[in-house]
Amino acid sequence: MWLAGILLLAGCAGTRASYMVYGERYHPGYDFGELQYYNGDKEMAVEVINTPFEDKKATARDIALSMRGKNRGTRIAFTAEPGPLTPKQTKIIIAFDMRPSDDGYGYCRDYLPDETGQTGTSTAQTETETDRLHMVMVYCKRNSFVSSVRARMPRPATVNDPAFQNMLAEVTRRLLPRPHPLYDDDQREETRRLLDILGY
């Protein structure tokens, strides 16, 4: 099942580089229509933590630009440089070299990993994992968690590495699915009504 993660292969200059996308997590209140309302044909802020490449500002900008056109539905202009017209209700947080088990659930509440990949008292990835790049992408609505997806691959040399680009595209599609992957239409509508009552 794809929810358990899937191993994908990408070709690069005659070699084969692999990446794995896994660990999808969705809040029951995930609403694709709401995402399109806030961000369809508009910008969406992207915050990048622990960028794995030397020029951190340029890397964040390039990552956001690489995500454009990869979401389902109306195109979203992901940006690492949000401005006055960027909707404030939603954002994407991407963290690299966090603990492999870190699903980013607390990121929307500013419980973010530091430069070593630690959150609070948690332990960062071990030295034996430094040849791998770990990534988690999180979708936030205001200060609330909506969805997250994790991925890993052999550490790429640049942000333009084809396997890295393919991994970003796959994670973006899974982070913002259409429709909610865990519910049929009736279940999703019933959940939406309940969450409206609860004020989510």
Side-chain angles (χ1 to χ4, degrees), residues 2 5-25 39 42-73 75-83 86 90-104 107-108 112-119 122-140 147-177:
W2 69 271
I6 184 169
L7 181 65
L8 298 168
L9 298 177
C12 176
T15 63
R16 293 173 67 83
S18 62
Y19 62 88
M20 178 175 278
V21 178
Y22 64 99
E24 294 94 328
R25 183 174 182 179
N39 301 105
K42 302 171 189 165
E43 290 186 341
M44 187 173 191
V46 176
E47 180 180 349
V48 181
I49 302 168
N50 297 342
T51 54
F53 308 110
E54 186 172 345
D55 189 334
K56 297 186 181 301
K57 184 175 181 179
T59 296
R61 182 176 63 247
D62 290 345
I63 286 173
L65 290 174
S66 296
M67 293 167 61
R68 293 187 177 187
K70 306 304 190 300
N71 65 286
R72 302 186 189 280
R75 187 175 185 271
I76 296 173
F78 298 100
T79 178
E81 300 172 320
T86 307
T90 60
K91 68 178 177 180
I92 300 290
I93 299 175
I94 304 173
F96 292 96
D97 291 331
M98 73 300 170
R99 290 177 298 112
S101 61
D102 187 353
D103 63 7
Y107 291 8
C108 301
L112 301 170
D114 61 22
E115 292 183 359
T116 68
Q118 297 183 22
T119 51
S122 302
T123 304
Q125 59 181 347
T126 65
E127 291 183 3
T128 58
E129 295 172 322
T130 55
D131 59 334
R132 287 183 180 178
L133 178 69
H134 290 264
M135 181 184 83
V136 61
M137 188 182 292
V138 183
Y139 166 34
C140 303
S147 62
S148 70
V149 181
R150 284 174 279 165
R152 69 173 183 258
M153 65 174 293
R155 191 168 294 275
T158 72
V159 70
N160 295 315
D161 180 276
F164 181 74
Q165 290 285 313
N166 289 337
M167 184 177 76
L168 275 178
E170 181 69 19
V171 172
T172 302
R173 284 191 291 270
R174 294 197 189 186
L175 184 74
L176 308 172

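Along the sequence shown, residues carry numbers from 1.
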From [X] [atom1] over to [Y] [atom2], what is the distance, rounded to the nearest 0.5 angstrom?
{"X": "Met67", "Y": "Thr172", "atom1": "CE", "atom2": "OG1", "result": "4.0 Å"}
{"X": "Lys70", "Y": "Asn166", "atom1": "NZ", "atom2": "CG", "result": "9.0 Å"}
{"X": "Glu24", "Y": "Asp103", "atom1": "CD", "atom2": "CG", "result": "11.5 Å"}
{"X": "Lys42", "Y": "Thr90", "atom1": "NZ", "atom2": "OG1", "result": "9.5 Å"}
{"X": "Asn71", "Y": "Asn39", "atom1": "CG", "atom2": "CG", "result": "9.0 Å"}
{"X": "Met44", "Y": "Lys91", "atom1": "CE", "atom2": "NZ", "result": "10.5 Å"}

Any side-chain heavy atom of [X] within less than 4.5 Å of one from [Y]?
{"X": "Glu81", "Y": "Lys57", "value": "yes"}
{"X": "Pro156", "Y": "Phe53", "value": "yes"}
{"X": "Leu112", "Y": "Ile93", "value": "yes"}
{"X": "Thr79", "Y": "Arg68", "value": "yes"}
{"X": "Leu176", "Y": "Arg72", "value": "no"}
{"X": "Leu133", "Y": "Arg155", "value": "yes"}
{"X": "Val149", "Y": "Glu170", "value": "no"}

Taking all heavy atoms of [X] and all of [Y], pick out the closest pair and write down the distance.
{"X": "Leu175", "Y": "Ser147", "answer": "O-OG, 2.8 Å"}
{"X": "Ile92", "Y": "Met137", "answer": "CG2-CG, 3.6 Å"}
{"X": "Ala151", "Y": "Met167", "answer": "CB-SD, 3.6 Å"}
{"X": "Ala60", "Y": "Ala80", "answer": "O-CB, 3.4 Å"}
{"X": "Thr86", "Y": "Gly83", "answer": "OG1-N, 2.9 Å"}
{"X": "Met98", "Y": "Arg150", "answer": "CE-CG, 4.2 Å"}

Tell me whether Arg173 at atom CZ has more than 12 heavy atoms from other residues, nucleotides or ligands lying less than 6.0 Å away.
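Above 12, so yes.
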
Cation-aromatic face contact Arg152/Tyr22, 6.0 Å, 45 degrees
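Relative to the ring axis of Tyr22, which defines the angle, Arg152 lies inside both limits.
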
Check side chain to side chain donor-acceptor pair (under 3.5 Å) between Thr51 and all other residues, then give those that pass, not counting sequence neighbours.
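Once residues adjacent in sequence are excluded, Thr51 has no partner under the side chain to side chain donor-acceptor pair (under 3.5 Å) criterion.
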
Decide yes or no on side-chain contact (heavy atoms from CB on, under 4.5 Å) for Leu168 and Met135, but give the supporting numbers first.
CA-CA 9 Å; Leu168 275 178; Met135 181 184 83; 4.0 Å; yes

Looking only at atom types and distance, does a side-chain atom of Glu43 sit under 3.5 Å from a main-chain N or O of Ile76, one as donor and one as acceptor?
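No, the answer is negative, given that no donor and acceptor are paired below the 3.5 Å cut-off.
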
Go through the structure and list residues passing ring pair (Phe, Tyr, Trp, His ring centres under 6.0 Å) with Tyr139, not counting sequence neighbours.
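By the ring pair (Phe, Tyr, Trp, His ring centres under 6.0 Å) rule, Tyr139 matches no residue at all.
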
If the test is side-chain contact (heavy atoms from CB on, under 4.5 Å), which one of Ile49, Ile63, Val136 qualifies with Phe96?
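That would be Ile63.
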
